[in-house]
Every structure is written in structure tokens, then in C-alpha cells.
Amino acid sequence: MARYNHQVVEKKWQKIWEEKGTFRTSSDYSRPKFYALVEFPYPSGDGLHVGHPRPYTALDVVARKRRMEGYNVLFPMGWDAFGLPAENYAIQTKIHPAVVTERNIDRFRKQMQSLGFSFDWSREVNTTDPNYFKWTQWIFLKLFEHGLAYKKEMPINWCPRCKIGLANEEVVDNGCERCGHAVETRVKNQWMLKITAYAERLINDLDLVNYIERAKIQQRHWIGRSEGADVTFKIKDTQETLTVFTTRPDTLFGATYMVISPEHPVLETLKDRIGNIDAISAYQEEARKKSEFERAELNHEKTGVRVEGLMAINPVNNKEITIWVSDYVLMSYGTGAIMAVPGHDQRDWEFATTFGLPIIEVVSGGDISEAAYTQTDTGTMVNSGFLNGLDVDQAKAKITAWLQEQGLGVPKVNYKLRDWVFSRQRYWGEPIPLVHCKSCGWVPIPEEELPLRLPDVTNYEPTDTGESPLAKIRDWVETTCPSCGGAAERETDTMPQWAGSSWYFLRYTDPNNDQELASKKHLEYWMPVDWYNGGMEHTTLHLLYSRFWHKFLYDIGVVTEPEPYQKRTSHGMILGENNEKMSKSRGNVVNPDEVVEEYGADTMRMYEMFIGDFEKSVPWSTDGVRGCKRFLDRVWKLKDTMQPGDTYSEALEAKMHQTIKKVSHDYESLKFNTAIAALMTFLNDVHQVGSINEAEMKTFLILLNPVSPHLTEELWELLGFGGMLNEQSWPQYDEEKTIAQTIAIGVQVNGKLRGDVTVNLDDTQEVAREKVMANENIQRAIEGKTVVKEIYVPGRIYNIVVK
RNA sequence: GCCGGGGUGGCGGAAUGGCAGACGCUACGGACUUAAAAUCCGUUGGGCUAAGCGCCCGUGAGGGUUCGAGUCCCUCCCCCGGCACCA
């Protein structure tokens, strides 16, 4: 028989599927739907590497199975195509990013198609397409209209040599990624999105969805909700006050000084009263120079300067306490000021120890001369006036009520989550559709004028001032105010890459709509996404941003579901054969094209699923690829020995039902490796038996089809089974028939395996015991001992306890 | 430091508290071949062994619960990923 020629057969079926529109999503909305989503890639110049197909194949398997189960399946693909690499390439080569992007997309698409994914290519979206980003801009305008977009001074990473603002990922070891020069912090007025307004709902609604637990935990952690109180301290002899956020208002009697962040505004408003303003300014300057990295890397040695001339009043006992400036207090969290309770906060303790400040114990139970005592579940209040003798929880409640009565404080919930910096000083992103008018302020451009396109430029370098390259295109920047008709200037910052990916899954439901981002009808049917798989690196930001946008769109009535993704799973990385992350510089990149060429797409897909635990990282192995190829070759040869038969043979019936059960279940629970192992085991059993019959062959091919679709379709056709394989129904199993009637079970004596016996499944313990006791090994093992107890678990184990 | 995920043969990995190592790879032996590749068959956790079965040890370390622990509980060690003084 002819050897299997994967190159010819795979091309053949890819062509047939495309011509017949086999995987086009149906418009029959009376059928149950299944929306499978994988993260759309950034189409880089390097093309696909073998890590990409792992999640694509996984959900392709599920999508193909669902179609055979009668679902109307939406399984789309697109391009997250704005981004830095194309822009950096443009700076070097002067080639327009759109040109490069299109070239890269064509390459990616071709590579994906060669792998036989069942994407509905008619629904492809591209974030850089004006017909797409028109709606990204539209959503931004809605956010702006609803007061969720605002401008604020925010620090950026600045390279003084390249004169360019850098994204966090472009900062390597505190240096600029391209020139190595030390990166500084610069303050720029930037667009912000008020995601914090949704913090509570983003936490609570995690209860509505089925995400892998670690993803939920990461999200909760990132949002970082904490309950406490805002407490106001007066500054002596001034009208100013300092408000602090604390989660431990119970320790207020232990507050022996205050610390404010170097950026705190009171340093400006009261600077005339500050005795050592020069020292303070010097400290501020030092803090400004420190990058995030430096702050993080240093071993947290506390630095700071006392603010001379200012004293604060502790509201519970009217004691005067000193005020300090230190960079361990962050302006971006809470109020930028803290009350320091060195007895019960480790950071405050370190600071107080460094500067010789008083430490007072207010919760007993620890030794505050050694370390701060931070336990809250044990301990009793001391040195705390009317709180003495209470436990921590009681004290918290009492002091919070008291502060409220006195008008000195209010209960407060704080979040670590910060608003989303939405500006980039870059060319290759969606233009922000606002103009600035001297008399009207920021004015949105009219919706009819969307999309606001990028102007053509010749030079993609940012300006000396750190503004985007767009700032230099004066005839684009200068415009008229849509509101008053006067002279106005366009915003020249563009949106971050996160923007386009925050709603792309909505567009897939109705990709060509030019009236709305997607129509209600389509959204209602398809949303939410039933299963979304992506990398763990996107579980915080991308997931949170897109959930935020979706909730906003829900609030304004565009979408009808509160949450975009019903289920979220994650895949592990594929490493190089040397167990290191694949990268060009390490020289361990495996190109999927070569694998497809030599072994075929079916082998590639199977290996990617068989390689190991889907959720974990795993090194690539060329030998492992060959193993999968061998298996498929053996499947191919089955056709030569196939026997007639329209029911499963007696010899394989139980195995067949077990295999259907195992494979069906494992495909659903990300255990593709064990599903394939079960198929391999079945094939081994076929070889034991000597032949496979037609009924078994059909079932086997259907089970294998989602993983290796080309070869199975070809065999289906060659064997004349009728129709196309992908049109068949997913096989059913009979639970009764999965259970073998006789089974060998282990026999233990005192928990140690001493032999095995074959029993019938419905044997009583009496019958089983007779068989056990007839076994010579068992007789020897219990000889001369007293049987104390016997445990029989049918189908599992027989354990005899002896003394 | 905190959070999350792990630690099982030479390797990737299996195992609702019930025969640890399924399945695949590698390696070794054999068949086929002038030969090699491919393919097929067999062996493959370590040790002991009278060669007959069998016995001992073994899932990062130590303790515990249980008739029975890779799996549950406690203490500790190591690896990977994420976060960075969050008041």
C-alpha cells in the first residue's frame, strides 16, 4: 500500500475545507452555540514559533469536537497588530508600519492555515484596520463622555539619549533597551481611564465566571481591596490637615510620627513654614531619580528627612508628633501620607529604628523591641485609652465609630489597582479622537468623523520633548474645534496596545458591521465567550482591562452580559530542547514550518498536544515528534487489515467504550496528553487482537480527528465510509460496557502487595476471599499469623491485616 | 519578603486514598537486509536472588493520620512563574 504522503493529503483537505466553507460559522441561531476564543497574536516579523500553535490546537480540538456534537461554533482568529516592533522597524528602515504589518500578517495566516486550524477566516479582525479601530475610538469617546477618561500628570520612563518615552518592557536593568543609557522618570500629562471606578465589580463578578483558580486569585490580588479608615490629623498652627488611610485604626494610640511621600502637595503649600526646605528638596530630587527598578532592587533600607517646623496632632490624644518625608510612602496609594505605628508595622518599625523615633506598644502579645507585632487575630489593646482591654477586631469597630462621631475619620475601602495610563507617545497606535480648544477644553471629534486615521509621516522618531511623532505633523494637528469652530489642536498621543485587544472578541461576532461595533442580535447570541484560553502573562492586565471595557459597554447598553468570558484556561510555554526559553539569541528556536514540512501538520498538532501537561512549560523534543509520526503511520496502515463489521467486536468492545469515555472527557479538561495516550493504548490493543473492524475504525477515526484532522479525513474517504468525517456525530459510550466483567486485582497483606487474583466484578467478598486464599503467595504470606481484618474494595484491592 | 504553581525512572509525563511509573521517547537485545535506514518483536526504576517463584528499597526531606499515602495533615528544603515597601 502507498505510503502516507502528508504533504499532498494535508494540502488537499485544507483546500476542500476552504472551498466548502466547512468551518464557517452558521447563521442558524436556533442551534446551541459555542464560542471558543484564543488570544490573537501580535504578528511579529519572526513568524510563528512552535509555542503559538499549542493553545490554537487545544481549542481547535474542542471546537471540532463541539461541531460534531451539533453546536454552532464560532472559532475566530485575528491580529493584534499595533505595537512597538513594527514602529521600531519603521524608525530604522523608514518603511511604513502598515506595510510591514500586512506582510507579517500574511505570513502568520499562511503558517496557521498550513496547520489546518478550523478558524472561520471570513471573520478575521485586525486592530490596525480603520474599520476596526473606528470602534476602538468610539468606545474611547463613550468613556470620555461618561467621565471615565481624564488627563493627569504621570511619570514615564524616559531615555535622555534617545529622547524617547519607554514602555516598562523596554527598560532593561534600569537602562534603555536600545542604547543602554540610564532611564529617568519624567512627568507627562497623560490620558487615564478610571478603571478604579469598577474595582468592586471586577472583584465581585469573579464569582459569576469559571476561571482557573489561580487566575481569579491573581486578579483579586492585583485589585487588592483593603478595608480601613481615612483619619485626619491637624498640622499644628496651620489650617492644613494630613489625611491618612489606615487598615489599623485600632493602633492609633501607637502612632508616634507621620510620614508623607516626597511628592506630597503639603510640602509645596506649607513650604514657607518648613525650616529645612533645602534638605527636603534635595531628598525629593533623589527620589525622582530613582526608577521603579532601583526602588525595588535595593534592600529596603529606610531613608528620609524630618520636616522641620511642622508638627501633627494625633487626634486621639492630642499629642504632638513629628512629620517625615520618605520614599517608602507612595503617592499613588492611599493618600500619600501615613500615620506611623512602629510597634505594629514592620516598615514603620524599621524607619523608627533607623531614626531613633519612639515605639509604643498598643497591642500586647509580641516583643516590640525585636520586631513589629503585626498579628491581628491574637493580642489585646494596651496603652490605648478607651480601647484598653479590647481585642483587635473590637477595637477597630469602636475607634472607627468614635472617629466618625468626632468628625475625624470615615471608614474607607482602598484598592491597589490604579487607573489605567492610556497614552503612548508613539505613532503606531490608534489616534485618540479628541481635540484641544483654548476656549472649550478637550472636545471629542464627532462620531461621523470616525475613524480618525493616522497621517502619513516620513520620520517615526519621537520629538525632543518626548511627544509622539504625530506632534510634528502640523497640518494634521491643527484643526478646528468641533464645538466652537475656533482653532484647536488634535491630541497627538495614541492608545496603548491593550486598547484593541480589550474588545476584539465582540467584533468577531459581527466583523463587517459599519453601523455599530457589533449588532445586538449577534452579541446576544454569541456572548459571552464560552471558553477563552490564553497565557498566564495576560491574566492580570489584559483580562482586567477587557473585563472593565466590557462592563462599561454593559452599563451603556451595548452588550447584554456583565462578563465577557465564561471560562478561562491557560497553557504553559514551550521551551527549547535545552530547557531554556526559546529565543533567537539562545539559538534554540524551532520553526513550525520545518516540522510541518518534514512530519506534517497532523504530527505537529498531535505532538503539541501530547508533549506534556497542557498547563505547564515543557521542552521541545524532536524525538517526541517522531514518536507521534510513528503512531500516525501505524494508524494509516490499519486500513490494510480492516475487517467488516457494523458493531464493535467482542474482543474490543469494552476497550472501545472506555476509550470513547476517556478521550471525550480528557479533551474537555485540557488533558490532551492522556487522551492521546488512550488512543495509542487502543491501537496497541488492536495489534494484540490482530485486526480492527469497520465499526471500530469509524469510532477511532472520529476520536482522533480533532487532533489530526487531515489524515483521518483521508482515511474516512479512502475507506468509503460516506460523507466527510467532520460531518459525523461524536460517538457515544455506554457506561455499562466500559466495565470489564473480570478484572485482576491486587492482594495485599498488611498493605504490601503480595499477589493478584482475577475476580468477577460482581463477586461477593466471600467468593473473592476463596480466590484470594487459594493463591500460594498469599498463603505463604499469612502462614502462622492471625487474620485480624480483611478489606475488600470491589474492582480495586483485597487487603488482609494479620498479626 | 509576599502570592501562585511544582518536585515521581535516563527524558516528557500517568495515577476518584486502593497493584506507582499508563502512554511516548531514549537505550539495549533480536528479526528483516549484502549493509544501513525504515519497520516489526522483546527488555528497560534500583538492589538481592538458590534462576523457581520470590524478597528488599523506591514519588524532595522528616514526622503524622489510615487496613492502605505520590495523593490527606504538620514542619522543613529546593525549583519555576508573578509582584515589589500597598499603610
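Lettering of chains follows the sequences in order, A, B, ..., and the numbering in each one begins at 1. Model, not experiment: these values are computed from the prediction.
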> Looking only at atom C1', what distance separates rG70(B) and rA20(B), rounded to whole Å?
Replying inline: 7 Å
> Which whole number of Å gives the distance between the C1' atom of rG10(B) and that of rG63(B)?
Replying inline: 32 Å
> Which whole number of Å gives the distance between the P atom of rG1(B) and that of rC55(B)?
Replying inline: 48 Å
> Rounded to the nearest Å, what distance is computed from the OH atom of residue Tyr798(A) to the C1' atom of nucleotide rG68(B)?
Replying inline: 15 Å
>> Looking at Leu761(A), is its backbone amide N or carbonyl O close enough to the side chain of Gln741(A) to form a donor-acceptor pair, meaning the two atoms are under 3.5 Å apart?
In response: no
>> Please tell me if Lys752(A) has a side-chain N or O lying less than 4.0 Å from either OP1 or OP2 of rC57(B).
In response: yes
>> So, taking the atom named CG in Leu704(A) and the one named CE in Met680(A), what distance separates them when rounded to the nearest 0.5 Å?
In response: 9.5 Å
Report all interatomic pairs (protein N or O, nucleotide N or O of nucleotides 46-50 of chain B) with separations under 3.5 Å.
none

> Roughly how far apart are Cys628(A) SG and Tyr599(A) OH, rounded to 0.5 Å?
Replying inline: 11.0 Å
> What interatomic distance, in whole Å, is found between P of rG62(B) and the corresponding atom of rG12(B)?
Replying inline: 23 Å
>> Does Arg225(A) reach a base, just sugar-phosphate, or nothing at all? Heavy atoms under 4.0 Å.
In response: nothing
> Gly627(A) near the nucleic acid: base, sugar-phosphate alone, or nothing, with a heavy-atom cut-off under 4.0 Å?
Replying inline: sugar-phosphate
> Just checking Arg214(A): base, sugar-phosphate only, or nothing, at a heavy-atom cut-off of under 4.0 Å?
Replying inline: sugar-phosphate
> What is the distance from CD of Glu537(A) to P of rC83(B), rounded to the nearest Å?
Replying inline: 11 Å
> Using the glycosidic torsion, which applies to rG9(B): syn (within 90° of 0) or anti (everything else)?
Replying inline: syn
> Across the strands shown, which category fits Asn684(A) at heavy-atom distances under 4.0 angstrom: base, sugar-phosphate, nothing?
Replying inline: sugar-phosphate
>> Under a plain distance cut-off of 3.5 Å, with no hydrogens placed, do Glu39(A) and His538(A) share a side-chain donor-acceptor pair?
In response: yes
> Which dot-bracket notation, 5' to 3', represents the base pairing of RNA chain B when pairs are defined as Watson-Crick or G-U with both distances under 3.5 Å, crossing pairs as [ ], and inter-strand pairs as |?
Replying inline: (((((((..(((.....[....))).(((((.......))))).((((.....))))..(((((..]....))))))))))))....
>> Tell me if a side-chain donor or acceptor on Ser708(A) pairs with a main-chain N or O of Asp602(A) at a distance below 3.5 Å.
In response: yes
> Expressed in angstrom and rounded to an integer, what is the separation of Asn750(A) atom CG from rA69(B) atom P?
Replying inline: 11 Å
> NA contact type, Thr335(A), heavy-atom cut-off 4.0 Å: base, sugar-phosphate, or nothing?
Replying inline: nothing
> Does Arg626(A) make a side-chain N or O approach to OP1 or OP2 of rG24(B) shorter than 4.0 Å?
Replying inline: no
>> Distance check, P atoms only: rG29(B) and rC19(B), in whole angstrom units.
In response: 35 Å
> Can you check whether Arg754(A) has a side-chain N or O nearer than 4.0 Å to OP1 or OP2 of rC67(B)?
Replying inline: no
> Reading nucleotides 7-18 of chain B 5' to 3', which nucleotides get B (base under 4.0 Å from a protein heavy atom), which S (sugar-phosphate only), which -?
Replying inline: -----BSSSB-B
> Do side-chain atoms of Asp345(A) reach the backbone of Pro342(A) as a donor and acceptor pair under 3.5 angstrom?
Replying inline: no
> Base, sugar-phosphate, or nothing for Asn777(A), non-hydrogen atoms under 4.0 angstrom?
Replying inline: sugar-phosphate
> In whole Å, what separates the P atom of rC3(B) from that of rU75(B)?
Replying inline: 13 Å
>> Within 45 degrees of the ring normal and closer than 6.0 Å to the centroid, is that where the cationic atom of Lys302(A) sits relative to Tyr328(A)?
In response: yes
> Using atom P of each nucleotide, how far apart are rC73(B) and rU66(B) to the nearest Å?
Replying inline: 16 Å
>> For the backbone of Asn533(A) and the side chain of His571(A), can you confirm whether one donor and one acceptor N or O come within less than 3.5 Å of each other?
In response: no
> When the ring centroid of Phe351(A) is compared with that of Tyr257(A), is the distance short of 6.0 Å?
Replying inline: yes
> Would rG52(B) be called syn or anti, given that syn covers angles within 90° of 0?
Replying inline: syn
> With distance as the sole test, does Asn314(A) use its side chain to make a donor-acceptor pair with the main-chain N or O of Leu252(A) at under 3.5 Å?
Replying inline: yes
>> Looking at Arg605(A) and Val61(A), would you say the former's side chain and the latter's main chain have a donor-acceptor pair under 3.5 Å?
In response: no
> Rounded to the Å, how far apart are Tyr415(A) OH and rA87(B) P?
Replying inline: 13 Å
> With a 4.0 Å cut-off on heavy atoms, is Ala337(A) in touch with a base, just the backbone sugar-phosphate, or nothing at all?
Replying inline: nothing
> How far does the C1' atom of rC78(B) sit from the matching atom of rU59(B), given to the nearest Å?
Replying inline: 16 Å
> Quick one: Gln219(A) CD to rG4(B) C1', roughly how many Å, whole number?
Replying inline: 14 Å
